[in-house]
Amino acid sequence: MLDIRLIRENPEAVNQALKRRKPDLSVDAISRLDAQRLELLQEEEMLRGKRNQMTQQIAQAKKEGRDTDAIQQETRTLAERIKAIEQQKEEIAEQQNALLMEIPNMPLPQTPDGADENDNVVLRTWGDEFKNRYCADVLPHYDIGATLGILDFDRGVKISQSRFSVMRGEGSRLERALINFMLDTHTENGYEEILPPFLVNRQAMTGTGQLPKFEVDMFRCKDDELFLIPTAEVPVTNLYGGEILSEDQLPISMTAYTPCFRREAGSAGKDTRGLIRQHQFDKIELVKLVRPEDSEAEHLKLLADAERILQLLELPYRVVELCVGDIGFSAARCFDIEVWMPAQGVYREISSCSTFTDFQARRIGLKYRSEATGKPAFMHTINGSGLAVGRTLAAILENYQINHQEVEIPLALRSYFRNGATQLTVARSKELV
RNA sequence: GGAGAGGUGGCUGAGCGGUUGAAAGCGGCUUCCUGCUAAGAAGUUAUGGGGCCUUAAAGCUCCAUCGAGGGUUCGAAUCCCUCCCUCUCCGCCA
């Protein structure tokens, strides 16, 4: 949510920033409603003040045993007026809020111009030397996964629906090894491990910006008014909502493993095969709550922390800075990490590291007491995947493919996987299934 | 799921229709005292919003908020209704 005061005091600057995202974005309608609301608010407050005074008079008069019928009658009509004005004001406030909640964050100046993903900027590539490790004609991860008997797409669909799959045997084990490896790496690096609820309420979903605009993308439990989380960002960022922390508690760095649930509305036909786009997938998330002045440095640090996982796994990747047309609703600046997928010869997103300035903090009520001013101030929130686990597994199946029957286990993962087993093989997988 | 109790400021806890934004205690902060510490004294200490003033900060003032939302009333932390949450007992259960 944008700061209504900023909109009030400098609507042009806000509009200018928003128009970088989309030419038709504007806060003008909000400004108009705000002016109306303020006017009604002032009248309401004036009348309330008057009523409070009269109420005191009544109390005084009663104490002295005087008659109060007349003034009571007067106060009654006053109360009716207050109610009417309040109602008007509420209506306008609601309209204003509805509009405000659908306005995306203002991009930071650093975020490059551009309309869509084609205008994103490649910042760097890493690990070219690890491309073409073994096999020249790499099978896609879903084929080698099927051959090895560790990915079962058909049965996943049978018991659930499309875009659900089953991992089994060494596949399931590899997924678990990756989760532990990532969590351990991040916690050793100063992040606190969090295991949050996977179902959250509407308020939390609104706080991070998934609602109200993107409700169709969410799985929802209607009877309980709860939503399956699309990312651990939601429960973890909301953790301190409504509290005022002391400045020395910041920065707070948290990491969480959760499954993530997305309806993928509107992506029919996209990435229909394999693990790339599933309704349910595992992800390790990194979340930071920071002082505004630390926000850029912490954002870059978080990005480096996510990159580190790929470096340790020796998977080639590149870092892309998203343009204004491609960053998410709540984000002000965003880097994607894309891992090399040799079967298709493309880089695929495996992490998205965003800074939200105070946009989420304002919605959630994430504050800290500034030591300089002694007053509460909004924090900045930052998050990123560290990493998407299924996609990491897919990348391993391709980048570490020895031949069409065997996949090597990355060195960094071996202590997490079957006591140092070095390969996935058809024989071994069959034994286990 | 059934029965009961309860949700008040950073914490403990009073208030149960009329200067109560809220007693008291603890904690925090500031100043004084003290060779240092301890002890002591005084003051101060919620959040959000509006207006005035100001370059700004500060300041002044008003409004709202005692789990959330509605209602009764001239007036609600206090009475009524709905919802949420916590605790205790019973039942069920990984």
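Protein chains get the first letters and strands the later ones, always in sequence-line order, with residue 1 at the start of each. Just so you know, these numbers come straight off a predicted model, no measurement behind them.
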Query raised in the report: Closest to the A:R76 side chain: B:G50, B:U47, B:C74?
Result: B:C74
Exercise answer: donor-acceptor pairs, residues 176-190 of chain A side-chain atoms, under 3.5 Å, sequence neighbours excluded:
{"residue": "A:D184", "atom": "OD2", "partner": "A:Y416", "partner atom": "OH", "Å": "2.8"}
{"residue": "A:T185", "atom": "OG1", "partner": "A:F181", "partner atom": "O", "Å": "2.7"}
{"residue": "A:H186", "atom": "NE2", "partner": "A:G386", "partner atom": "O", "Å": "2.6"}
{"residue": "A:T187", "atom": "OG1", "partner": "A:L183", "partner atom": "O", "Å": "2.9"}
{"residue": "A:T187", "atom": "OG1", "partner": "A:D184", "partner atom": "O", "Å": "3.1"}
{"residue": "A:N189", "atom": "ND2", "partner": "A:D305", "partner atom": "OD1", "Å": "2.9"}

Requested in this report: May I ask you to say what A:R37 touches in the nucleic acid, namely base, sugar-phosphate or nothing, with a heavy-atom cut-off under 4.0 Å?
Outcome: nothing
Query raised in the report: B:U8 and B:U86: how far apart are their C1' atoms, nearest whole angstrom?
Result: 15 Å
Query raised in the report: Considering only the P atoms, how many Å lie between B:A94 and B:A5, rounded to the nearest integer?
Result: 31 Å
Report task. Please assess A:Y240 against A:L245 for the test side-chain contact (heavy atoms from CB on, under 4.5 Å), listing each intermediate value before the final yes or no. Result -> CA-CA 8 Å; A:Y240 293 99; A:L245 305 182; 3.9 Å; yes
Query - Inter-nucleotide P distance (B:U44, B:C60), Å rounded - result: 12 Å
Query raised in the report: How long is the line joining CD of A:E243 and C1' of B:G48, in whole Å?
Result: 17 Å
Query - Non-neighbouring partners of A:A395 that pass side-chain contact (heavy atoms from CB on, under 4.5 Å), sequence neighbours left out - result: A:L315, A:V339, A:M341, A:N399
Query raised in the report: Touch check for A:L38, heavy atoms < 4.0 angstrom, all strands: base, sugar-phosphate only, or nothing?
Result: sugar-phosphate
**Report entry** Salt bridge present between A:R168 and A:D152 (N-O < 4.0 angstrom)
**Finding:** yes
Requested in this report: Write down the distance separating the C1' atoms in B:A77 and B:A23, rounded off to the nearest Å.
Outcome: 14 Å
Report task. Round to the nearest Å and state the distance from A:E74 atom CD to B:C74 atom P. Result -> 14 Å
Query raised in the report: Can you find a side chain N or O atom of A:Q42 that sits less than 4.0 Å from OP1 or OP2 on B:G51?
Result: yes
Query raised in the report: Rounded to the nearest Å, what distance is computed from the CG atom of residue A:D34 to the C1' atom of nucleotide B:G49?
Result: 12 Å
Query raised in the report: In whole Å, what separates the C1' atom of B:U19 from that of B:C11?
Result: 27 Å
Requested in this report: For RNA chain B, write out the stems as range with range, using runs of 3 or more consecutive Watson-Crick or G-U pairs with both distances under 3.5 Å.
Outcome: B:1-7 with B:84-90, B:10-12 with B:24-26, B:27-32 with B:40-45, B:46-52 with B:59-65, B:67-71 with B:79-83
**Report entry** Whether over 12 other heavy atoms sit under 6.0 Å from A:E243 CD
**Finding:** yes
Pairwise N/O distances under 3.5 Å, protein to nucleotides 57-63 of chain B:
{"residue": "B:A58", "atom": "OP1", "partner": "A:K375", "partner atom": "NZ", "Å": "2.6"}
{"residue": "B:C63", "atom": "OP1", "partner": "A:N52", "partner atom": "ND2", "Å": "3.1"}

Query raised in the report: Is the closest basic N to carboxylate O distance between A:R418 and A:E170 below 4.0 Å?
Result: yes
**Report entry** Distance, C1' atom - from B:C16 to B:C26, rounded to whole angstrom
**Finding:** 25 Å
Query raised in the report: Starting at CD1 of A:I92 and ending at P of B:G49, how long is that distance when rounded to a whole Å?
Result: 20 Å
Query raised in the report: Should A:E247 and A:R291 count as an ion pair when the cut-off is N to O under 4.0 Å?
Result: yes
Query - Between A:Q360 and A:E233: side-chain donor-acceptor atoms closer than 3.5 Å - result: yes
**Report entry** Spacing between A:R363 atom CZ and B:G48 atom P, to the nearest angstrom
**Finding:** 20 Å
Query raised in the report: Do A:E264 and A:K270 meet the salt-bridge criterion of a basic N to acidic O distance under 4.0 Å?
Result: no
Report summary line: Atom CD of A:E80 and atom P of B:U72 are separated, to the nearest Å, by 11 Å
Query raised in the report: Can A:E91 and A:R37 be counted as an ion pair, charged N to O under 4.0 angstrom?
Result: no
Requested in this report: Mind jotting down which residue pairs meet the salt bridge (charged side-chain N to carboxylate O under 4.0 Å, His left out) criterion with at least one end in residues 8-19 of chain A? Sequence neighbours excluded, please.
Outcome: A:R8-A:D34
Query raised in the report: Atom OH of A:Y368 to atom P of B:U47: distance rounded to whole Å?
Result: 15 Å
Query raised in the report: Does the pair A:T258 and A:K283 meet the rule for a side chain to side chain donor-acceptor pair (under 3.5 Å), with working shown?
Result: CA-CA 6 Å; A:T258 70; A:K283 184 157 63 66; over 6 Å; no
Query raised in the report: Quick one: is B:U47 close enough that its OP1 or OP2 comes under 4.0 Å of any side-chain N or O from A:R369?
Result: yes
Query - Whole-angstrom distance between B:A46 and B:A24, as gauged at atom P - result: 14 Å
Query - Contact nearer the 5' end of RNA chain B, comparing A:I244 with A:I4 - result: A:I244
**Report entry** Pairwise C1' distance, B:U73 and B:U78 [rounded to whole Å]
**Finding:** 13 Å
Report task. Scan A:K89 against the nucleic acid and name what it touches under 4.0 Å (heavy atoms): base, sugar-phosphate only, or nothing. Result -> nothing
**Report entry** Heavy-atom protein contacts under 4.0 Å, nucleotides 17-22 of chain B, coded B base, S sugar-phosphate only, - none
**Finding:** -B----
Report summary line: A:E43 atom CD is separated from B:G49 atom C1', nearest whole Å, by 17 Å
Query - A:R262 and A:D217: CA distance, side-chain angles, deciding distance, salt bridge (Lys or Arg N to Asp or Glu O under 4.0 Å) verdict - result: CA-CA 6 Å; A:R262 300 184 182 177; A:D217 293 323; over 6 Å; no
